[in-house]
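Residue numbers begin at 1 in each chain, while the letters A, B, ... track the order of the sequences.
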Amino acid sequence: MAKKTIREAINEALRQEMARDPDIIIIGEDVSGGAGGSGEEDAYGGVMGVTKGLIGEFGRERVIDTPISESAIMGAAAGAATTGLRPVAELMFVDFVGVCFDQIMNQAAKFRYMFGGKARTPMVLRTMIGAGFRAAAQHSQSLYHLFTAVPGLKCVMPSNAYDAKGLMIQAIRDDDPVIFFEHKALYDIADEVPDEAYTIPFGEANFTREGDDVTIVAFSRMVHIANEVADKLAREGVSVEVLDPRTSSPLDSDSILESVEKTGRLVIVDESAARCGLAGDIAGMVAQEGFEFLRGPIRQVTVPHTPVPFAPTLEDAYIPSPAKVEAAVRQLLDSKRRRMSA
Amino acid sequence: MTFSESQLLDAYRRMRTIRDFEERIHTENTTGDIPGFVHLYAGQEAIATGVCIHLSEKDYIGSTHRGHGHCIAKLCDVKGMMKEIFGKQGGLCAGKGGSMHIADLSQGMLGANAIVGGNPPLAVGAALTAKTKKTRHCAVSFTGDGGSNQGTTFEAMNLAVVLQLPVLFMIENNGYGEGTGADYAVGSKDIAGRAAGFGMPAVRVDGTDFFAVAEAAGEAIERARNGGGPSAIEAVAMRFYGHYEGDPQSYRSAEELKRIREDSDCLRIFRARVTAEGMLREAQLDAIDAEVAELIDEAVAEARAADYPPVSELTTDVYVSY
Ligand SMILES: Cc1ncc(C[n+]2csc(CCOP(=O)(O)OP(=O)(O)O)c2C)c(N)n1
Ligand SMILES: [Mg+2]
């Protein structure tokens, strides 16, 4: 086993699956790069280099550069998936879903149910999320909550390289449309990743820290912030459990409820949205299913209800920080102490 | 079409300001003090200028991720632009937008736009306002060869023809959308011809020739103001720098890059023509060069000295009222 970055882990998953199954194609803007230019082929391999090298191995017929036409890319992937291919389509930044949501939300997501169970649409949509790159309002959002709200779509957001490979292979082999969210700040995070192909089932949370005092649920990059806070508080004797659901649809509600039953306290850290986001969704589920476990209010640490700002001072304040998560945990623990002394 | 001496001096100043602004950002960016992504317009100055020379601040333009040149040609405040690009207070968008979102509605600048194909429908909207209010103003949508393939662009063109709106679709063909060649991505290889298919006059011009652009744009804008409906122009000019600053550009050859700088420098072409034909004197142009250099120096110094916005501004401006 070797250390591999998330970028390498996803690339390896794509390569191994494409070698196994000739029906798998990659389609998107600059997934190779250099088509029609005076220079080299594979000039980009995706803007973050995730699909680099695949055109050399699998050729132009299976690694397809497209015009800037996201509706056509997403729709072509959905149509090809329903008729015999297994496309992995790329939506460079999730923000660009604004120009192509119909093909995902009304088409790909609906076919199976709307056609009475007859259709299957085995496509993967790879897309990039996340603030922190000073990329401003139209290149920094984490819109996975929009997709999670759509029945028929499975939503995956790996936080580490091991999960990224196993979840990508699972996504490719899945017969439903899967949206695979890659956080731009995580591509260089490295972990031990097995060389052989393996899958991680959807809807199974990963406990990245075990603890008894407080549960933190976090997705994608926020898992690392939660871990940092857990490690810091552990040195003070506070035992924090961190749970990374890894997929928001399906959601491993059982694991979340089990953890809250044990700790009695829940903090949710979420980069998607302050309103109608994943934090609110999970808080609602726990309030309904696990109210009797709770020893204090559920705390949500989210981005504010604003677009993502450009200026460094503002963007840093926008992203949920370890300090904010720590404060939320301490508030919950303080309310315990207050009650015990009362 | 003839241009007065003052119009030519004005055009040269706009082009020179764009070039110096972009070359300065190219070097400032290496210090790491400019946040985020910048996409430079150097090489395409004659296009923005040849169009905007015909517009007043009451006419609107919509721009792209490569928007600095459009802003300067539309006479946005250069110092406010520089501050915005550095993410500082006093920036044209208060530091909240950055390079890809510079806007100045008081100058008729509807915003740079980080969504490819984001602005053509918006320009159509500005043209709808002009037509409804009978102002004789018009709108221009700047779009790239890459953006010309976006569905929003096609829809905007068709709607503009259906409603006979005063809008010019200015398609800047610089040969590439990111690392993908226009010859590959534009199926018909004829952007102007495709626009004509929607039912509007469309021409292809040399985008390194200010006079060619200005003439075609002047005609289209005149037609729009007179109720003649939309037009399209495909202007061809290559960008001098990468898609974004830091782009290794391996999709294009070193020879191609060298050729662009040597043979397709719109500023050099302009200078040669106006001096050879006795329209302007070298000394007049040199004086503008010196003034522009000073302006850019001041803009950078002021942007560097300015403060970042305070955190209290994070939650303002989401709604008009709270
Ligand atoms: C909807 C959307 N798709 C993709 C992108 C990523 N992107 C930014 S600029 C660009 C290339 C644009 O090419 P073109 O329109 O020719 O403009 P140029 O960069 O050449 O000025 C791409 C693909 C985007 N910003 N928005
Ligand atoms: Mg282009």
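B:Thr180 OG1 to A:Ile68 CD1: the interatomic distance, rounded to the nearest 0.5 Å, is 7.5 Å. The distance from atom OH of B:Tyr176 to atom OG of A:Ser38, rounded to the nearest 0.5 Å, is 3.5 Å. Annotation: the span from A:His139 atom NE2 to B:Ile115 atom CD1 amounts to 6.0 Å, rounded to 0.5 Å. Rounded to the nearest 0.5 angstrom, B:Gln150 CD and A:Cys100 SG are separated by 8.5 Å. Here CD of B:Glu178 is found 10.0 Å from CG of A:Asp65. Values are rounded to the nearest 0.5 Å.
Contacts between A:Tyr44 and chain B at a heavy-atom distance below 4.5 Å involve the side chain alone, from C-beta outward. Looking at B:Val318, only its side chain comes within 4.5 Å of chain A, counting heavy atoms on both sides. For B:Ile85, the part sitting under 4.5 Å from any heavy atom of chain A is the backbone (N, CA, C, O) and nothing else. Heavy atoms of B:Thr315 lying under 4.5 Å from chain A belong to its backbone as well as its side chain.
Residue A:Gln138 forms a side chain to side chain contact (heavy atoms under 4.5 Å, CB included) with just one option from B:Met100, B:His65, B:His101, and that option is B:His101.
Most heavy-atom pairs under 4.5 Å with chain B, from the set A:Met92, A:Glu315, A:Glu41: that is A:Met92. Note: B:Gly179 leads B:Ser312, B:Gly179, B:Gly117, B:Ala182 in heavy-atom pairs under 4.5 Å with chain A. The candidate from B:Gly177, B:Gly151, B:Gly97, B:Pro310 with the greatest count of non-hydrogen atom pairs under 4.5 Å with chain A is B:Gly97. Per-residue heavy-atom pair counts under 4.5 Å with chain B were compared for A:Ser32, A:Pro312, A:Ser71, A:Pro309, and the maximum is reached by A:Pro312. Heavy-atom pairs under 4.5 Å with chain B peak, among A:Gly34, A:Ala136, A:Ala35, at A:Ala35.
Other residues, nucleotides and ligands contribute only 12 or fewer heavy atoms inside 6.0 Å of the CD atom of A:Glu40.
For B:Lys96 against A:Leu314, the heavy-atom pair with the smallest separation is CG-CD1, 3.9 Å. Between B:Phe37 and A:Ala135, the closest heavy-atom pair is CE1-CB, 3.5 Å.
Among the residues in residues 299-309 of chain B, those with a non-hydrogen atom closer than 4.5 angstrom to a non-hydrogen atom of chain A are B:Tyr308, B:Pro309. Heavy-atom neighbours of chain A within the stretch residues 244-256 of chain B, taken at a separation under 4.5 angstrom, comprise B:Tyr244, B:Asp247, B:Ser250, B:Tyr251, B:Arg252, B:Ser253, B:Glu256.
Side-chain atoms of B:Val186 and A:Pro67, non-hydrogen and from C-beta on, never get closer than 4.5 Å to each other.
Ring geometry for A:His305 versus B:Tyr319: interplanar angle of 30 to 60°, hence tilted.
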